[in-house]
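Data block below; observations after.
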Amino acid sequence: MKKKTLLFISILYFATRVFNLTVIPIFNDEAIYIRYGLAERLEEVSRHYSLLVGKEPLMPNLYAISGLLFNDLLFGARLITVIFGFLTLWGIYKLCKKYFSQNVAIFASLIYIVNPFTLFFDRLALLDSPVSTIEIWSLYFTLELIHKADVRKALTLGTILGLGFWIKSTSYFYFFLPFVALLVYFIKQRKFEIDKFKMFLISGALTLGIFSLLYFDPLYKVLVEQRKIYTYGVFFPFSFPLSIWWNNILFAFSYLFYFQTPLIFLAGLGGIIALIKRRDLNYYIFLLWFILPLLYMILYGKMPTSRYFLILSVPFVILTGIFISKVFEYKKLFGIIVLTSIIAVCVIYNSFIYFVPIKFPNLLLGAAKVDTTQYFHGFPSGYGVMEAINYLKDLGKDKNITIIVRNDSGNPEDAVVAYLYYNNPNIKVLPVNEPDLKDFDSLKDNLPINGEIYFVSRGAYYVGLEKYFISEKKFLKPNDNEFIGVQKLKID
């Protein structure tokens, strides 16, 4: 029966994630990851090029490999995130079954599957869903080591944490949290256990060893500088920036309340209350994985988008599973009502994601609505991008063309490079730095140009090239004035 339950949960997960997987067009950051992953895989000199734009290299590489394997860059890349989401689901089920109950494992897994917050990001080729995988398995193996010293589990934890450093810097949380959990354990037990302490040292040493392979890359210093954009310095909280902290609290509330649906949010709060009453060490350690990352993001968050708060959804769905289980224990009918109500609301939300994603932000309020809008409006959204790429690809089927783009990050530039730079013999893509484009008179005589020349623009931002190019095609984005422009060089 338990195997059938797990099989059902697995099938349900993949059905919800893979269905209509590319309905949302390629998002700005997805284009970045795919472009630089392809560069590492296909350029003559293989380097971690994603570090140049402040992105760790593991996921861009996996996205590129899968995209090439499926001959569909977007589908293949997103399928990798779906797989990481499944690993997260598996971790939730395994942890809940061992440290809570079978019912909590089932309920938490179901909530993870239907939660619009997790469903949305499990279906995009971004870095944040994979961080959730690091989160849940770091918690699981931390609890395992606290209960019993085991070298193999220590090495497994160290490997997981080390890979986290190659995914996204948010994973740094989970390097420190196991040591905090061990300290809590020692305080609770009122004794120091050298064997367990050694296991955590082994884990930490392996993590740092794996991280060192990235840290000593000459390009890593570029990533360190880029990271300053998203977080404040170590001593920033001592200036007591109360207004920033308050805003970050409001951001956290908006994302967790509206994106997860209010019912999941309220049920999760009920789960917190249920755990606190139990006064169990395992439960307190579990809450560390929710409270400390939340506290860090409130104190240090500089650009708190919904993606950065996604890691809080994992403990939240477990808390929701705990609450539903408690309600079932109290009265089965009430439990059925609560579970059915949550699933029904989530199905409504998710139907928008599947069929009319551009209207999905209308279901949300506050910061959650504003943040989600970027996936469907303005230049970060992918509307018009693939249409322009396919148009240019058709032009290059039977003649040579050269495509010029600004050497910039995001849509449409990175997408054009990703889809047209490699393996298109008739098409030459030239990413050119903006200052050089502004001096086009000097540039054009030195360009290795074949055939007709096109410039792909981000809306009406032509970099002063209007006098050289004539607009040939505009691919409009829905519901706003943005577009992807294809301009053709005028013939003298």
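- With His48 as reference, Trp166 is the one residue of Phe216, Tyr220, Trp166 to meet the ring pair (Phe, Tyr, Trp, His ring centres under 6.0 Å) rule.
- With values rounded to the nearest 0.5 angstrom, Ile111 atom CD1 is found 12.0 Å from Ser313 atom OG.
- Two residues are said to be in side-chain contact when any heavy atoms from C-beta on lie closer than 4.5 Å; Ser254 and Val370 fail this criterion.
- Using a 4.5 Å heavy-atom cutoff, the side chains of Leu292 and Phe173 are not in contact.
- Residues Leu74 and Pro25 approach most closely at CD2-C, 4.5 Å, considering heavy atoms.
- Between Asp414 and Asp408, the shortest heavy-atom contact is OD1-O, 3.4 Å.
- A side-chain donor-acceptor contact under 3.5 Å links Thr88 to the backbone of Phe84.
- Each of Lys98, Arg152, Lys94 was compared with Glu144 under the salt bridge (Lys or Arg N to Asp or Glu O under 4.0 Å) criterion, and only Lys98 meets it.
- When side chains are defined from C-beta on, Leu73 counts as touching Leu38, because their heavy atoms get closer than 4.5 Å.
- Atom CZ in Phe14 sits 9.5 Å away from atom OG1 in Thr16 (nearest 0.5 Å).
- In terms of modelled atom types and a separation under 3.5 Å, the side chain of Tyr13 and the main chain of Val82 share a donor-acceptor contact.
- Between Leu319 and Gly268, the closest heavy-atom pair is CB-O, 3.5 Å.
- Aromatic ring orientation, Phe186 versus Phe192: tilted (interplanar angle from 30° to 60°).
- With Asn20 contributing its side chain and Val23 its backbone, the two residues share no donor-acceptor pair below 3.5 Å.
- In this structure, the separation between CZ on Phe120 and CG on Asp128 is 11.5 Å, given to the nearest 0.5 Å.
- Remark: Phe253 engages Phe257, Phe265 in a side chain to side chain contact (heavy atoms under 4.5 Å, CB included) (not counting sequence neighbours).
- For Tyr99 and Phe286, the gap between ring centers reaches or exceeds 6.0 Å.
- When all heavy atoms are compared, the tightest approach of Cys346 to Pro116 is SG-CD, 3.7 Å.
- Pairs of residues two or more places apart, or lying in two chains, that qualify as side-chain hydrogen bond (donor to acceptor under 3.5 Å, both in side chains) and include a residue from residues 358-374 are Ser306-Asp371, Asp371-Gln374.
- Ile134 contributes atom CD1, which lies 12.0 Å from atom CD1 of Ile311 (distance to the nearest 0.5 angstrom).
- Looking at Leu177 and Thr142, their side chains never come closer than 4.5 Å, going by heavy atoms from C-beta outward.
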Validation: residues 204-213 side-chain donor-acceptor distances under 3.5 Å, sequence neighbours left out:
| from | atom 1 | to | atom 2 | distance (Å) |
| --- | --- | --- | --- | --- |
| Thr207 | OG1 | Gly158 | O | 3.1 |
| Thr207 | OG1 | Ser203 | O | 2.9 |
| Ser212 | OG | Gly209 | O | 2.5 |

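- Considering CG of Leu287 and CD1 of Ile272, their distance stands at 6.5 Å, rounded to 0.5 Å.
- At a threshold of 4.5 Å between non-hydrogen side-chain atoms, the residues Leu12 and Leu110 count as touching.
- Looking at Lys196, its side chain never comes within 3.5 Å of a backbone N or O of Leu145 through a donor-acceptor pair.
- Across Ala31 and Ala415, no two heavy atoms sit closer than the pair CB-N, 3.8 Å.
- Between the side chains of Ser325 and Asn103, no donor-acceptor pair is found at a separation under 3.5 Å.
- For the residue pair Asp122 / Tyr112, a side-chain donor-acceptor distance below 3.5 Å is found, with atom types taken as modelled.
- Ring-centre distance between Phe259 and Phe360: below the 6.0 Å cut-off.
- With no hydrogens or angles considered, no side-chain donor-acceptor pair links Tyr284 and Lys188 at under 3.5 Å.
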Which donor-acceptor pairs under 3.5 Å do the side chains of residues 337-344 make with protein atoms, sequence neighbours left out?
| from | atom 1 | to | atom 2 | distance (Å) |
| --- | --- | --- | --- | --- |
| Thr340 | OG1 | Ile336 | O | 2.6 |
| Ser341 | OG | Ile337 | O | 2.7 |

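- When all heavy atoms of Ile322 and Ala274 are compared, the pair lying nearest together is CG2-CB, 4.3 Å.
- In this structure, the ring of Phe27 has its center no less than 6.0 angstrom from the ring center of Phe376.
- Proximity of the aromatic rings of Trp90 and Tyr93 is defined here by a centroid distance below 6.0 angstrom, and this criterion is not met.
- A side-chain donor-acceptor contact under 3.5 Å links Asp150 to the backbone of Lys153.
- At a threshold of 4.5 Å between non-hydrogen side-chain atoms, the residues Tyr33 and Leu126 count as touching.
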Test side-chain contact (heavy atoms from CB on, under 4.5 Å) on Tyr174 and Ile160; report intermediate values, then the result. CA-CA 10 Å; Tyr174 308 110; Ile160 291 169; over 6 Å; no
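- Interatomic distance, Tyr172 OH to Thr170 OG1, rounded to the nearest 0.5 Å: 9.5 Å.
- Between the side chain of Tyr255 and the backbone N or O of Pro304 there is at least one donor-acceptor pair closer than 3.5 Å.
- The ring of Phe107 has its center closer than 6.0 angstrom to the ring center of Phe328.
- Between Asn248 and Met297, every side-chain heavy-atom pair lies at or beyond the 4.5 Å cut-off.
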Show your reasoning for whether side-chain contact (heavy atoms from CB on, under 4.5 Å) applies to Val314 and Phe290. CA-CA 8 Å; Val314 171; Phe290 175 72; over 6 Å; no
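- Between the side chain of Arg123 and the backbone N or O of Phe19, at least one donor-acceptor pair lies under 3.5 Å.
- Side-chain rings of Tyr300 and Phe236 stay apart, their centers remaining 6.0 Å or farther from each other.
- Side-chain N or O atoms of Gln260 include one that pairs as donor or acceptor with a backbone N or O of Leu256 at under 3.5 Å.
- The aromatic ring centroids of Phe251 and Phe309 lie 6.0 Å or more from each other.
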side-chain contact (heavy atoms from CB on, under 4.5 Å), that's the test. Do Ile113 and Leu119 meet it? Break it down for me. CA-CA 7 Å; Ile113 290 171; Leu119 181 139; over 6 Å; no
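- Between the side chain of Asp480 and the backbone N or O of His377 there is no donor-acceptor pair closer than 3.5 Å.
- Under the 4.0 Å criterion applied to side-chain N and carboxylate O atoms, Glu30 and Arg78 are assigned as salt-bridge partners.
- Lys331 forms a cation-pi arrangement with Phe334, by the criterion of a distance under 6.0 Å to the ring centre and an angle within 45° of the ring axis.
- More than 12 heavy atoms of other shown residues, nucleotides or ligands fall within 6.0 angstrom of atom NZ in Lys302.
- Under the 4.5 Å side-chain criterion, counting only non-hydrogen atoms from C-beta, Phe175 is in contact with Phe165.
- Looking at Trp137, its side chain does come within 3.5 Å of a backbone N or O of Leu87 through a donor-acceptor pair.
- In this view, Lys97 satisfies the salt bridge (charged side-chain N to carboxylate O under 4.0 Å, His left out) rule with no residue, not counting sequence neighbours.
- Residue pairs meeting the side-chain hydrogen bond (donor to acceptor under 3.5 Å, both in side chains) criterion with at least one member in residues 53-63, sequence neighbours excluded: Glu40-Asn61, Arg41-Asn61, Tyr63-Thr81.
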